[in-house]
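Quick caveat: nothing in here was measured; it's all calculated off a predicted structure. Counting convention: from 1, in listed order, for ligands and their atoms alike.
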Amino acid sequence: MSPRPVASLRDLAPGEVMAVEIDGHDIALVRDEDGAVHALEDRCSHDDIALSDGDVDGCTLECWKHGSQFDLTTGRPLQLPAVQPVTVYPVSVDDTTGEITVDVERTAP
Ligand code: FES
């Protein structure tokens with residue numbers, strides 16, 4: 001299955017996060033404060049909480065429930081209570097149209 005278009009860059013300002021669903025995968029689509037777009041599994045590894053309800057801080061997404069911050073590039077938690085990473089999916093952005101695509105069949109390196 002090929003990467004899927006999920007949103008436009010103009011719908012996601014730096015520092016914002018939105019929830020999207022692709023083929024049954026819940027994704028937190030995040031634009032970091034430098035403008036780069038990331039796609040993470042939308043479920044905190046500590047409990048069944050949507051990370052898309054959290055806050056973007058620099059290049060991290062903070063779970064609102066207990067405050068673990070997840071690195072947007074690696075998916076790793078940077079502090080307790082979460083200890084397991086969340087899945088990060090490859091993202092591409094069309095320079096001309098601003099269309100954001102996510103590939104849920106692969107994980108980001
Ligand atoms: S549910 Fe996310 S840190 Fe606890």
*Asks:* Would you be so kind as to tabulate the donor-acceptor pairs closer than 3.5 Å made by side chains of residues 7-20, with sequence neighbours excluded?
*Replies:*
{"residue": "Ser8", "atom": "OG", "partner": "Arg10", "partner atom": "N", "Å": "3.4"}
{"residue": "Ser8", "atom": "OG", "partner": "Arg10", "partner atom": "NH1", "Å": "3.4"}
{"residue": "Glu16", "atom": "OE1", "partner": "Ala13", "partner atom": "N", "Å": "3.1"}

*Asks:* Would a distance-only check, ignoring hydrogens and angles, find a side-chain to backbone donor-acceptor pair under 3.5 Å from Gln69 to Gln79?
*Replies:* no

*Asks:* If you round to the nearest 0.5 Å, how far is OG of Ser68 from CZ of Arg76?
*Replies:*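 Spacing of CZ (Arg76) from OG (Ser68) equals 15.0 Å.
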
*Asks:* Within less than 2.8 Å of atom 4 (Fe) of ligand 1, how many protein N/O/S atoms are there?
*Replies:*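 My tally for this metal is 2.
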
*Asks:* Just jot down the side chain to side chain donor-acceptor pair (under 3.5 Å) partners of His66, sequence neighbours excluded, or say none.
*Replies:* His46

*Asks:* Atom SG in Cys44, atom CG in Asp53: separation rounded to 0.5 Å?
*Replies:*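 Output value for this atom pair is 11.5 Å.
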
*Asks:* Cut-off 3.5 Å, no hydrogens considered: what does the side-chain donor-acceptor table look like for residues 35-43, sequence neighbours left out?
*Replies:*
{"residue": "His38", "atom": "ND1", "partner": "Leu72", "partner atom": "O", "Å": "3.4"}
{"residue": "His38", "atom": "NE2", "partner": "Asp32", "partner atom": "OD2", "Å": "2.8"}
{"residue": "Glu41", "atom": "OE1", "partner": "Thr87", "partner atom": "N", "Å": "3.0"}
{"residue": "Glu41", "atom": "OE1", "partner": "Thr87", "partner atom": "OG1", "Å": "3.3"}
{"residue": "Asp42", "atom": "OD1", "partner": "Leu51", "partner atom": "N", "Å": "2.8"}
{"residue": "Asp42", "atom": "OD1", "partner": "Ser52", "partner atom": "N", "Å": "2.7"}
{"residue": "Asp42", "atom": "OD1", "partner": "Ser52", "partner atom": "OG", "Å": "3.3"}
{"residue": "Asp42", "atom": "OD2", "partner": "Ser52", "partner atom": "OG", "Å": "2.7"}
{"residue": "Arg43", "atom": "NE", "partner": "Asp48", "partner atom": "OD1", "Å": "3.1"}

